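Reviewing the structure listed below.
The model shown is predicted, which means the values in this text are computed figures rather than measured ones.
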Amino acid sequence: MTAATETASGPEATTPSPPVPALEKFGFAEFRRTTAIGGVIGSRVARRVLREGLRRPRRRRAIAEGTVDGFEVLGPMFVKLGQLVASSPASFPAELADACLRCLDDVPPFPAADARAVIEADLGAPIAELFAEFDDEPLSAASVAQVHACVLTDGRPAVLKIQRPDIARRMIVDLRAAYRLAGMLSKRSENARIANAEGVVRDLYDTTVAELDFRNEARNQARARIDLAAFGDNTGVVVPAVYEQYCGPRVLCMERMRGMPLDRFDDIRAAHPDPELLIRRLVKAWVESVVVHGLFHGDVHAGNLWLLDDGRAAMLDFGIVGTMTPQWRAFVRALFHASAVDGDFRPVARALRELDLVDGDAGDDAAIGRQLATALAPVLSGKLAQLDMGKVAARMVEFGKRRGASGPQQLLLMGKQLGYFERYAVALAPGWRLGQDLYLFRNIFPEEVAAKAAAEGIDLPAD
């Protein structure tokens, strides 16, 4: 059975998703919220500035800290916005990105009675009929949802991801207000215009609307689990099984995993005999999802990557995913082939032509390939611990300006995830070279990788 067939087989696949609300809508609720947002952030910034003083370095830091104070008061949507800023430090002022690290902490949970009410409303039955056990104490709480342990009636241990009550309506109103404020700021602030404040809010709105319907996440996770098993050699990595009959628009039920997040570096090194292999297995599975399958995990921060108690790595939380079209997969495939196998960037140039991202008078494939090699080969072939994703992005933008190419959202999201893997490799695999690791591409270029590994005496891991 193919991924597409199995993914569409669950009961949620026949339930139409609600229409996407318009971001540009601005009524009384949005006006009232905009006023409240401006007042809360303005007062928190003023309080910090008065406390820290008006000298420029301290003032900039005070403004950033005051802004995040306001985010925390305003609630989950603004905490989520802070998380976006914290996870993309190259795109925002350093003071703000540093201050937003506070937003990565867990937020307070909501009452168990509310969690039970959401489950029963979504699944249409009392908790006692649905589960053999349900733990009222949440395992974790985040800005959109919290996680509770349970046991299914057949004895399987599971977890339930339960959406915060009324969070969807509140987040939509907040994002509409934030979009209006971003537009106003962009007209008055050069920093806001350069950071594309409106674009940041629009991207967050698109991902949030999709993320708020947990049936989308259930489908994504089910498909990712099938894709992971496609080649039979990713046994060191797991995606939890989804229990579809216990899923709804605001409830997601899945197999329970036990382990620890990947950023507990000292504990990871103590618990795993080969941390570098752990990272390689994760990146191999992820690269295959990008290049072969097209659906890839779009939020691989450490809370979503775990080392399990049994030694496997787990990918969790598929609320945010990227999708690579066949044309973009061909481009990324050619880029990795040039980096890992033969150093020939002419196929990369041809893939750009197929995407209509190269002007007709830009030169032949050999000339474009040489320029790509000059721009990217030194970066892709270096140690991952030395890989500067900002430099990669800058070089691609520079190349695009010269050759008529543009930077699509798929590549930007892919680059962001490589940035996460970079951070893990710095701590767990500092000598590893992603762009030249044949193991990662064993299923993507099977004949070329086997031949090159044999010629160079490289022993590739079995799984």
Side-chain angles (χ1 to χ4, degrees), residues 84 87-91 196 199-200 203-204 206-207 210-211 220-221 223-224 227-228 234 237 239 262 279-302 304-305 315-340 345 347-348 351-352 354-355 357 372 375-377 379-382 384 387-400 405-425 432-437 440-441 443-445:
L84 175 66
S87 64
S88 307
S91 303
N196 189 19
V200 169
D203 289 345
L204 184 59
D206 291 341
T207 58
E211 196 178 352
N220 293 336
Q221 186 166 323
R223 177 179 162 187
D227 290 345
L228 181 66
N234 286 318
V237 182
V239 171
L262 202 63
I279 294 293
R280 293 171 74 196
R281 284 172 171 167
L282 277 167
V283 176
K284 173 182 176 292
W286 184 83
V287 167
E288 287 174 1
S289 71
V290 172
V291 180
V292 178
H293 307 298
L295 180 94
F296 63 93
H297 199 305
D299 193 20
V300 294
H301 67 72
N304 292 337
L305 299 180
M315 291 187 178
L316 311 174
D317 196 339
F318 284 78
I320 300 175
V321 297
T323 53
M324 282 284 185
T325 64
Q327 293 83 0
W328 279 109
R329 274 183 265 165
F331 169 75
V332 176
R333 177 187 176 96
L335 191 63
F336 281 132
H337 192 277
S339 171
F345 280 81
V348 183
L352 286 174
E354 290 294 322
L355 288 161
L357 293 179
L372 282 167
L376 296 178
V379 178
L380 291 169
S381 63
L384 187 62
L387 178 59
D388 184 341
M389 290 310 300
K391 186 181 294 183
V392 173
R395 290 186 180 185
M396 284 301 292
V397 169
E398 181 183 352
F399 177 83
S406 60
Q409 290 301 313
Q410 301 101 309
L411 289 187
L412 295 176
L413 186 61
M414 173 185 162
K416 180 180 175 182
Q417 309 321 304
L418 287 173
Y420 279 123
F421 285 124
E422 172 191 353
R423 287 175 230 166
Y424 310 144
W432 177 50
R433 291 174 169 84
L434 181 150
Q436 294 185 326
D437 186 354
L440 305 185
F441 310 107
N443 295 323
I444 300 173
F445 316 115

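- The CH2 atom of Trp286 sits 4.0 Å away from the CG atom of Leu418 when rounded to the nearest 0.5 Å.
- For the pair Ile320 and Glu211, the minimum side-chain heavy-atom distance is below 4.5 Å.
- Asp227 places no side-chain N or O within 3.5 Å of a backbone atom of Ser289 that could act as its donor or acceptor partner.
- Using cut-offs of 30° and 60° for the angle between ring planes, the Phe331 and Trp328 rings count as perpendicular.
- Annotation for Gly294 and Arg329: closest pair CA-NE, 3.6 Å, computed over non-hydrogen atoms.
- The two atoms that bring Val332 and Met414 nearest to each other are CG1-CE, 3.7 Å, heavy atoms only.
- Between Arg333 and Ile444, the shortest heavy-atom contact is NH2-O, 3.2 Å.
- Distance check, rounded to the nearest 0.5 Å: CD of Gln221 to CG of Asp317 gives 8.0 Å.
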Please evaluate residues Leu305 and Phe421 with respect to the criterion side-chain contact (heavy atoms from CB on, under 4.5 Å), reporting the C-alpha separation (whole Å), side-chain torsions for both, the decisive distance (0.1 Å), and the verdict.
CA-CA 10 Å; Leu305 299 180; Phe421 285 124; 3.9 Å; yes
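- The aromatic rings of Phe318 and His297 sit tilted relative to each other, their planes meeting at an angle between 30° and 60°.
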Could you walk me through whether Ile279 and Leu262 pass the side-chain contact (heavy atoms from CB on, under 4.5 Å) test, one step at a time?
CA-CA 9 Å; Ile279 294 293; Leu262 202 63; 3.9 Å; yes
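- Across every non-hydrogen atom of Gln417 and Gly298, the tightest pair is NE2-O, 3.0 Å.
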Evaluate the criterion side-chain contact (heavy atoms from CB on, under 4.5 Å) for residue pair Leu295 and His293; output intermediate values, then yes/no.
CA-CA 6 Å; Leu295 180 94; His293 307 298; 5.5 Å; no
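- Screening residues 283-296 for salt bridge (charged side-chain N to carboxylate O under 4.0 Å, His left out) gives Asp233-Lys284, Lys284-Glu288 as the qualifying pairs, with residues at least two apart or on separate chains.
- Residues Leu228 and Val239 approach most closely at CD2-N, 3.8 Å, considering heavy atoms.
- The CD atom of Glu422 sits 11.0 Å away from atom CH2 of Trp432, with the distance rounded to the nearest 0.5 Å.
- Ring geometry, Phe445 versus His337: the interplanar angle exceeds 60°, so the pair is classed perpendicular (tilted spans 30 to 60°).
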